[in-house]
Participant: 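Let me give you the structure first, and then I'll get to my questions.
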Amino acid sequence: MKAESIRSIFNEFDHQSNYISHSEINSGHINDTFLVKTEGPKDYILQRINHNIFKNVPGLINNKVITSKHLKSKYLNLSEEELDKKVVSFVKTKKTPFYYHRENENFWNAMIFIDDSVTHEIVKDEEIAYEAGKLLGEFLNLTSDFDSSQLIDVIPNFHDMSFRYKQYASSIQSAFKKRLEKVASYRKIVADLKHEMHILQELKEIGAIPIRVTHNDTKISNSLFDKDNKGICLIDTDTVMPGIIHYDFGDAIRTICNTAAEDEKDLFKVEFNLEYYKAYEKGFLEKTKNSLSEIELNYLPLAVKTMIFLMGLRFLTDYLNNDMYYKTNYEEHNLDRAKNQFKLIESFSEKLPNH
Ligand code: GN1
Ligand code: MG
């Protein structure tokens, strides 16, 4: 995007900083994200929200802002400046609070960039898995007294398995023959796992598992670390909404314990790393021991399998739908992502045979 337009959008926000330059951060599959460097002490993240996918952007922004406010209220001993380095902080616009939008155009929001921070696409160190476990544990623990009914469902049925099966079934009906042939060997796996993959949802529906504030996109690249690899916080809170903790736990493990990236084509490289699972679980349990119930804890291993499967199913469906949802870089990108997830389930089942 042109420097001039990024600069002018950035200047709609109330930051009193002078734009120097920007660069795109290419890790998300949905929104467009830019790092804006300024002359002042703070740099910023400027993000264009994809309103074809997120239908209620003001509601989404409000979810993020009130969650951030709640988290900040928990760190009583931190100064405002320190809080901006510990929790994602949103910047108001000069006119409308917290997002910029011109009619029939895009929605934008801005956050303070946390200096000297890093993210990881793949984990290569047990300590990082442990730190990541603490980060999600802390997020869930600190929001456990936050009434989740204050949050809107940013994407209805986001982690609803029956809904995802329905989308998959209709994508089979409408898919091009060529793409259908490519997924043939996965259709049986999807059918065979149907019952097991609905267990968590059924427990949620009968009220056996409580609804809480959840993040819903806890892949490892959404955890921020400092230069010493100590966890700072979870980022990308676009999908914060009411939910069950299992999808958060499962989504983090899905990416942390995969020995390769989620779109690695060489399936020999895709293995489930049990050591990282244990390290993550340890960090997670340290932070959540006072806030989670026994039933929530008992279903953590099934959560992992369910979440890997859910992502496999979503990628497969999008491939059959000619890639209308996720950004793709080449023709079979979604198919490769799906294959990768199904290979990961296979490896997970070998490493944790009782689950
Ligand atoms: C999408 O855009 P990004 O990378 O933050 C997706 C997540 C998936 C993820 C897979 C709204 O997140 O659910 O887990 O891709 N977000 C949405 O990498 O669908
Ligand atoms: Mg996201």
Side-chain angles (χ1 to χ4, degrees), residues 24-34 45-57 59-61 63-64 67-68 88 106-107 109 111 119-123 132 135-136 139 151-161 163-164 167-168 171 214-224 233-244 246-258 260-264 270 303-319 321 323-329 333-342 344-345:
E24 185 162 6
I25 298 175
N26 281 316
S27 80
H29 294 1
I30 313 279
N31 294 327
D32 300 317
T33 310
F34 303 89
I45 295 288
L46 189 66
Q47 189 182 38
R48 176 171 45 203
I49 311 275
N50 183 332
H51 58 269
N52 293 319
I53 287 179
F54 296 109
K55 309 281 184 210
N56 178 356
V57 182
L60 172 155
I61 303 277
N63 276 7
K64 304 206 279 191
T67 304
S68 163
V88 179
N106 293 299
F107 285 86
N109 76 134
M111 290 145 267
T119 54
H120 301 281
E121 294 290 327
I122 300 179
V123 173
L135 280 186
L136 175 61
F139 177 88
L151 303 173
I152 62 147
D153 262 338
V154 274
I155 300 184
N157 304 317
F158 191 52
H159 285 147
D160 181 310
M161 194 62 83
F163 174 72
R164 296 300 180 189
Q167 284 187 320
Y168 163 75
S171 72
T214 49
H215 182 284
N216 297 298
D217 193 8
T218 53
K219 60 180 175 185
I220 185 60
S221 55
N222 283 338
S223 282
L224 208 60
C233 63
L234 296 184
I235 56 171
D236 185 12
T237 46
D238 292 343
T239 46
V240 166
M241 58 183 148
I244 59 174
H246 297 86
Y247 303 122
D248 280 355
F249 183 85
D251 203 19
I253 296 288
R254 174 181 80 81
T255 48
I256 289 168
C257 299
N258 191 340
E262 76 177 3
D263 60 353
E264 173 59 57
V270 176
V304 174
K305 188 169 178 182
T306 306
M307 197 58 206
I308 306 171
F309 177 83
L310 187 78
M311 286 311 304
L313 190 63
R314 288 179 64 194
F315 289 140
L316 203 62
T317 303
D318 201 35
Y319 175 70
N321 284 337
D323 316 313
M324 62 187 210
Y325 187 90
Y326 291 114
K327 290 181 189 170
T328 50
N329 298 334
H333 204 164
N334 270 320
L335 179 63
D336 286 337
R337 289 170 176 148
K339 287 180 174 173
N340 179 306
Q341 300 298 296
F342 288 113
L344 190 61
I345 293 186

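For ligands, and for the atoms within them, numbers begin at 1 and follow the listed sequence.
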Participant: Which protein N, O or S atoms lie under 2.8 Å from the Mg ion (ligand 2), given by chain and residue number?
Facilitator: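 Asp217 OD2, Asp236 OD2, with waters left out.
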Participant: Examine the side chains of Gln341 and Arg254 and answer whether a donor and an acceptor come within less than 3.5 Å of each other.
Facilitator: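 Distance-only check passes for Gln341 and Arg254.
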Participant: Drop me the distance from Thr237's OG1 to Asn216's CG, to the nearest 0.5 angstrom.
Facilitator: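 The OG1 atom of Thr237 sits 11.0 Å away from the CG atom of Asn216.
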Participant: Identify all pairs of nitrogen or oxygen atoms, one from ligand 1 and one from the protein, separated by less than 3.5 Å, and list them with distances.
Facilitator:
unit_1	atom_1	unit_2	atom_2	d
ligand 1	2 (O)	His29	N	2.8
ligand 1	2 (O)	Ile30	N	3.1
ligand 1	4 (O)	His29	N	3.1
ligand 1	4 (O)	Lys219	NZ	2.5
ligand 1	5 (O)	Asp217	OD2	2.8
ligand 1	5 (O)	Asp236	OD2	2.9
ligand 1	12 (O)	Asp217	OD2	3.2
ligand 1	13 (O)	Arg314	NH1	2.9
ligand 1	18 (O)	His29	NE2	3.2
ligand 1	18 (O)	Lys219	NZ	2.8
ligand 1	18 (O)	Glu262	OE1	3.3
ligand 1	18 (O)	Glu262	OE2	2.7
ligand 1	19 (O)	Arg314	NH2	2.7
ligand 1	19 (O)	Tyr325	OH	2.5

Participant: Quick one: side-chain contact (heavy atoms from CB on, under 4.5 Å) partners of Ile256, sequence neighbours excluded?
Facilitator: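 Listed in chain order: Val123, Ala129, Ala132, Ile220, Ala252, Tyr276, Tyr280.
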Participant: Which residue in the set Asn106, Asp238, Asn50 passes side chain to side chain donor-acceptor pair (under 3.5 Å) when paired with Asn31?
Facilitator: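 Only one option passes, and that is Asp238.
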Participant: Report the residue from Tyr325, Tyr326, Phe309 that forms a ring-ring contact (aromatic ring centres under 6.0 Å, His included) with Phe315.
Facilitator: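 Among Tyr325, Tyr326, Phe309, the one meeting ring-ring contact (aromatic ring centres under 6.0 Å, His included) with Phe315 is Tyr326.
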Participant: My understanding is that only residues two or more places apart in sequence, or in another chain, count here; which of them pass side-chain contact (heavy atoms from CB on, under 4.5 Å) with Ser171?
Facilitator: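 Applying side-chain contact (heavy atoms from CB on, under 4.5 Å) to Ser171 gives Tyr168, Thr317, Leu320, Asn321.
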Participant: Can you check side chain to side chain contact (heavy atoms under 4.5 Å, CB included) on Lys327 and Asp32, steps first, answer last?
Facilitator: CA-CA 10 Å; Lys327 290 181 189 170; Asp32 300 317; 2.9 Å; yes
Participant: Would Asn340 and Arg337 satisfy side-chain hydrogen bond (donor to acceptor under 3.5 Å, both in side chains), going step by step from the backbone distance to the final call?
Facilitator: CA-CA 5 Å; Asn340 179 306; Arg337 289 170 176 148; over 6 Å; no
Participant: Looking at CG of Asp217 and OG1 of Thr255, how far apart are the two atoms once the value is rounded to the nearest 0.5 Å?
Facilitator: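 Reported to 0.5 Å precision, the distance equals 9.0 Å.
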